[in-house]
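Residue numbers start from 1 in every chain, and the chains themselves are labelled A, B, ... in the order their sequence lines are given, proteins ahead of strands.
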Number of protein chains: 2
Amino acid sequence: MTNVHSISSPSILNEDRAHEADHPTSPVATFGMDQPLRLDCGIDLAPFQIAYQTYGELNADRSNAILICHALTLDQHVANLHPLTGKAGWWEIMVGPGRPLDTDRYFIICSNVIGGCMGSTGPASTDPATGKAWGLDFPVITIPDMVRAQAMLLDRLGIETLFCVIGGSMGGMQVLQWTAAYPERVFSALPVACSTRHSAQNIAFHELGRQAVMADPDWHHGRYFERSTHPHRGLAVARMAGHITYLSDAALHRKFGRRMQDRELPTFSFDADFQVESYLRYQGSSFVERFDANSYLYLTRAMDYFDIAADHSGVLAQAFLGIKTRFCVVSFTSDWLFPTSESRALVHALNASSARVSFAEIETDRGHDAFLLDVPEFFDISRAFLESAGKARGLSNGAGG
Amino acid sequence: MTNVHSISSPSILNEDRAHEADHPTSPVATFGMDQPLRLDCGIDLAPFQIAYQTYGELNADRSNAILICHALTLDQHVANLHPLTGKAGWWEIMVGPGRPLDTDRYFIICSNVIGGCMGSTGPASTDPATGKAWGLDFPVITIPDMVRAQAMLLDRLGIETLFCVIGGSMGGMQVLQWTAAYPERVFSALPVACSTRHSAQNIAFHELGRQAVMADPDWHHGRYFERSTHPHRGLAVARMAGHITYLSDAALHRKFGRRMQDRELPTFSFDADFQVESYLRYQGSSFVERFDANSYLYLTRAMDYFDIAADHSGVLAQAFLGIKTRFCVVSFTSDWLFPTSESRALVHALNASSARVSFAEIETDRGHDAFLLDVPEFFDISRAFLESAGKARGLSNGAGG
């Protein structure tokens, strides 16, 4: 267990609302020079802050907290209107009264990752040494760094043990890192559509995205803030690349096929003749309105570096030896970014560590993004797993139990 | 059969060498104002020229000609040193004395596609109306346009019937178009790693590449020639995207895995820590030295538009009704750009048209690029197919047969 810097009651939630000026809807936990975040790169980051959202009520014995870890381009706005886009929270389908992550029963926390751009300290934040945005002077962070920062937030919120940690994609990596780094703080874990290490193909796609950003002259080696520019074009291209990997060939075929946009015959031009082109252009251009280009570089890098086994003499099972956490590993058959075979390898390692693990490989053609979509089998499995873990944890049906 | 504008002997090869100043190692066939290329977009392109290479000797009854159709980023330099890169021809492994495309037996032709940038007329060529490079004023071309230009070249070379048309990827599309448009001119056909139409996912990857090029301020809406610039950075990103799709996840894992470049520990920076990053950067930067960015736009567009069935009331089998051409369809199990299921659909359509077709699905983890690599099973199948077709065609073992 890490040092607990300050145990305080959930009333900190109200104190932290004082920081809402930065990001109006999120409380922010600030950590001063005396509470640095120890980064894998060897640097102590201080001061720093973590923006977060909570839903539901923490029960009396603080045993019903669920931490949601968000994916690469998402944030803490799980189940409320997004302050920038005005759109619904990214996991409203999962989180709310009566939903699988039932806010009538659980206390749900989601924090913006360190390195992110929605209120937590990241490359767009001010470097106290210069008074300017960090840009590329921000230290390169890792998935373990993200999790270490979350642990400090939980310390601040007075939550010693999480009832569950759940997340998909980069969020799933954080879930796995939680169980490897803080096994005694995690009662149950639900890693979804993820892997214990980033594959060569995934590193390749991320490098493509980074090169697209860095090729944009408006990037200015990461110092675009000082020039009042933003590498919109490069970041949009990176987002397009990412987006293709989040869907499956079958899903793209079903959604768009070769259908034309508002016409029957090709224009014989470079306009967006095909619906899929128009869709991708929209995905690219809308993304750049809400995401910081440098954050994109940092978070993709963190995913690339992720390799739990490498931190345990190359033996994955070593990472989970003697662990008591209950696992439910979920993958989707058409996910080619984190193929189901990688979840299978994780399950084998967990079995080799004698961990309690169930595994659900869900049949769907919706690709990696399935964890964000209306996939009833996924909801049912999540609900049942939490139900069963809740019984083992002694959680009653009410939040006060 | 199309009109044969001029039947001349292969001695044209020597006449055409007069044009070698443009591209030193390739003969060029020029077509004047009286011999326009009718394009699918409705424009007659004239004048235009086609650069090509030949290997081996045309036999007395002109029955041993094989046309190789090249893929997106390749060219006519199949089996000789490339004039720009100095590297070996891209299919030397297939083409030469004693090789599957045996230059002791067959007369091999490969021409740079219309819209290309290695000597055939394309967007980098001079628009006679302005005296400047065409740029985006060049008409958008299609796979059928490429094939129509090749047919005019064959007319010029005095070759009425091809013994075989062979090609992979975009080259395979041209093979299929040859059989659909000029069935009586094609004795046998070997379409490899291709499809009768471009999928939504493939269109998406191409659109990503085009957006990367067009996002580069050095592109100048395609008029970079006039500014002495070239959108190197955007084109390199496009190439990186393409390159990822040419390999399989397994091939990338085998070749690179998560191995670091010249080091054991991460640098915690955005340097190319991983070998796969360094490899992709190299692929991107070397490509831009030899390829024109506008050509990349035009050729990807041609592939996106390709849909044989759409030109035949939506029924693929209609395209091949009554065809006498012998087909050998080849696909590779790990090719996710042109999955083997698409070759299977083609074979079904050919069967429904009562065409003669054999189908080889080759087990390999090398992805789409397998058709360019040392895959002995592919060589054996190609050799056996040509052997058998040669017997049916009455070809003897010698070139003069």
Side-chain angles (χ1 to χ4, degrees), chain A residues 39-43 136 139-142 197-205 207-208 210-212 214-218 233-234 236-237 240-241 243-244 247-249 252-253 255-259 266-270 272-277 279-281 284 297 301 304-305 307 310 336 339, chain B residues 39-43 136 139-142 197-201 203-208 210-212 214-217 233-234 236-237 240-241 243-244 247-249 252-259 266-270 272-277 279-281 284 297 301 304-305 307 310 336 339:
Chain A
L39 300 177
D40 280 343
C41 65
I43 292 173
L136 288 208
V140 165
I141 46 94
T142 64
R197 61 178 194 176
H198 222 214
S199 72
Q201 189 179 62
N202 288 1
I203 295 172
F205 274 114
E207 173 65 3
L208 164 67
R210 286 190 294 264
Q211 289 295 321
M214 299 201 251
D216 188 331
D218 283 338
R233 289 165 302 185
V237 169
M240 287 172 67
H243 210 82
I244 298 172
L247 302 175
S248 69
D249 186 26
L252 280 165
H253 181 70
K255 278 176 91 151
F256 306 110
R258 293 180 50 80
R259 284 188 293 285
T267 58
F268 293 104
S269 77
F270 295 101
D273 275 10
F274 295 102
Q275 287 178 11
V276 68
E277 295 177 298
Y279 171 78
L280 276 184
R281 290 184 188 185
L297 304 182
R301 199 53 164 163
D304 292 352
Y305 277 158
D307 185 352
W336 58 280
Chain B
L39 301 177
D40 280 343
C41 66
I43 291 172
L136 288 208
V140 166
I141 46 95
T142 64
R197 62 177 193 174
H198 222 214
S199 72
Q201 190 180 61
I203 295 172
F205 274 114
H206 275 175
E207 173 66 2
L208 164 67
R210 287 191 294 264
Q211 290 295 322
M214 298 200 248
D216 188 331
R233 290 166 300 184
V237 169
M240 289 171 66
H243 210 81
I244 299 173
L247 302 175
S248 69
D249 185 26
L252 280 165
H253 182 69
R254 182 167 40 72
K255 279 176 92 150
F256 308 109
R258 293 180 50 81
R259 283 189 293 284
T267 60
F268 293 104
S269 77
F270 296 101
D273 274 10
F274 295 101
Q275 287 179 11
V276 67
E277 294 177 300
Y279 171 78
L280 276 185
R281 289 184 188 185
L297 304 182
R301 200 54 165 163
D304 291 351
Y305 277 159
D307 186 351
W336 59 280

Toward chain A, the part of R259(B) with a non-hydrogen atom under 4.5 Å: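 When you check distances to chain A, no heavy atom of R259(B) falls under 4.5 Å.
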T267(A) versus chain B, the contacting section by heavy-atom distance below 4.5 Å: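 Both backbone and side chain of T267(A) come within 4.5 Å of chain B.
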Measuring heavy-atom distances to chain B, does H198(A) have an atom under 4.5 Å in its side chain, in its backbone, in both, or in neither?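 Backbone plus side chain of H198(A), per the 4.5 Å heavy-atom cut-off to chain B.
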Contacts of D216(B) that satisfy salt bridge (Lys or Arg N to Asp or Glu O under 4.0 Å) - sequence neighbours left out: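 In terms of salt bridge (Lys or Arg N to Asp or Glu O under 4.0 Å), with neighbours along the sequence ignored, D216(B) is linked to R233(B).
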Give a yes or no answer on whether the side chain of Y279(A) reaches the backbone of A204(B) with a donor-acceptor pair at less than 3.5 Å.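 Here the side-chain-to-backbone pair does not exist.
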Answer yes or no: is there a donor N or O on one side and an acceptor on the other, between the side chain of R210(A) and the main chain of F270(B), under 3.5 Å?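 No, R210(A) side chain to F270(B) backbone: no donor-acceptor pair under 3.5 Å.
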Determine the option with the most heavy-atom pairs under 4.5 angstrom with chain B, choosing from N202(A), I141(A), V237(A), L136(A).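 Counting heavy-atom pairs under 4.5 Å, the top option is V237(A).
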Would you mind telling me which of D40(A), L39(A), V276(A), L208(A) has the largest number of heavy-atom pairs within less than 4.5 Å of chain B?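 Counting heavy-atom pairs under 4.5 Å, the top option is L208(A).
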Hey, does L252(B) have a side-chain heavy atom less than 4.5 Å from the side chain of S199(A)?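 Not in contact.
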F256(B) and I203(A), any side-chain heavy atoms less than 4.5 Å apart: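 The answer is no, as the side chains (C-beta and beyond) never meet within the 4.5 Å cut-off.
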Evaluation steps, side chain to side chain contact (heavy atoms under 4.5 Å, CB included), between I43(A) and F268(B): CA-CA 11 Å; I43(A) 292 173; F268(B) 293 104; over 6 Å; no
Please determine if R258(A) and D304(B) form a salt bridge, counting it only when a charged side-chain N lies under 4.0 Å from a carboxylate O.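 Between D304(B) and R258(A) there is no salt bridge, as every charged N stays at least 4.0 Å from the carboxylate O atoms.
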If we define contacts as heavy-atom pairs under 4.5 Å, which of M240(B), H206(B), M214(B) has the most with chain A?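 The option with the most such pairs is M240(B).
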